[in-house]
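Data block below; observations after.
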Amino acid sequence: MNIGHMRDRLIVIQHTKVSDDTGFGAKYEWKKAGGLWCEMLKQRITPVTAAGDAQAIVVTQGVKIRPSNLLAKGDRISLKSHTYDVIDVDTSQDEYYTLTCREVKK
């Protein structure tokens with residue numbers, strides 16, 4: 001791992017917190033948990049087939065971080081003006097973790 005490639009700062013790492021169900025479903029809150037240095041990888045564009053002949057494109061963003069237990073699948077990260085949902089955390093490497101993220105539409 002080349003630590004010099006980790007130039008971007010995840011300014012905010014957010015965890016979900018489920019509040020009580022008030023009869024209309026549980027509410028989710030996002031709280032700041034800290035920050036990490038990261039390396040943004042190339043976006044992956046994958047065409048998928050939905051029901052029938054419908055085509056869709058899924059765009060995911062890879063992010064490489066140093067090992068940390070701040071993040072888990074289902075959390076959110078914020079980088080510059082973009083917010084991403086963490087779809088997966090690959091912990092197979094000892095030196096770094098690779099996040100697979102999808103941008104949150106505003």
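Values in this document were obtained by computation on a predicted structure and should not be read as measured data. Start at 1 with the first residue, then count along the sequence.
Two residues are said to be in side-chain contact when any heavy atoms from C-beta on lie closer than 4.5 Å; Thr60 and Cys101 fail this criterion. Looking at Arg44 and Lys42, their side chains never come closer than 4.5 Å, going by heavy atoms from C-beta outward. In this structure, the side chains of Ile77 and Thr83 stay at 4.5 Å or more apart for every pair of heavy atoms. Here the side chains of Lys64 and Met6 are in contact, with some heavy-atom distance below 4.5 Å.
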Please step through side chain to side chain contact (heavy atoms under 4.5 Å, CB included) for the pair Val86 and Arg76, ending with a clear verdict. CA-CA 6 Å; Val86 178; Arg76 283 188 177 177; over 6 Å; no

Verdict with reasoning, Thr98 to Val63, per side chain to side chain contact (heavy atoms under 4.5 Å, CB included): CA-CA 6 Å; Thr98 304; Val63 180; over 6 Å; no

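When every heavy atom of Val104 is checked against every heavy atom of Tyr84, the shortest pair comes out as CG2-C, 4.0 Å. Closest approach of Trp37 and Arg7 over heavy atoms only: CZ3-O, 3.4 Å. Considering all non-hydrogen atoms of both residues, Glu95 and Pro67 come closest at O-CD, 3.2 Å.
Atom CD of residue Glu103 and atom NE2 of residue His82 lie 5.5 Å apart, to the nearest 0.5 angstrom. In this structure, CG in Asn69 is found 7.5 Å from OH in Tyr97, a value given to the nearest 0.5 Å. Remark: Gln61 CD to Leu41 CG distance equals 7.0 Å, nearest 0.5 Å. One distance of note links CG of Leu10 with CG of Leu70; it measures 10.5 Å at 0.5 Å rounding.
Just one of Ile87, Asp75, Leu71 meets the side-chain contact (heavy atoms from CB on, under 4.5 Å) condition when paired with Leu99; it is Leu71.
Applying the side-chain contact (heavy atoms from CB on, under 4.5 Å) rule to Asp8 yields the partners Cys38, Met40, Leu79, Lys80; only residues at least two apart in sequence or on another chain are considered.
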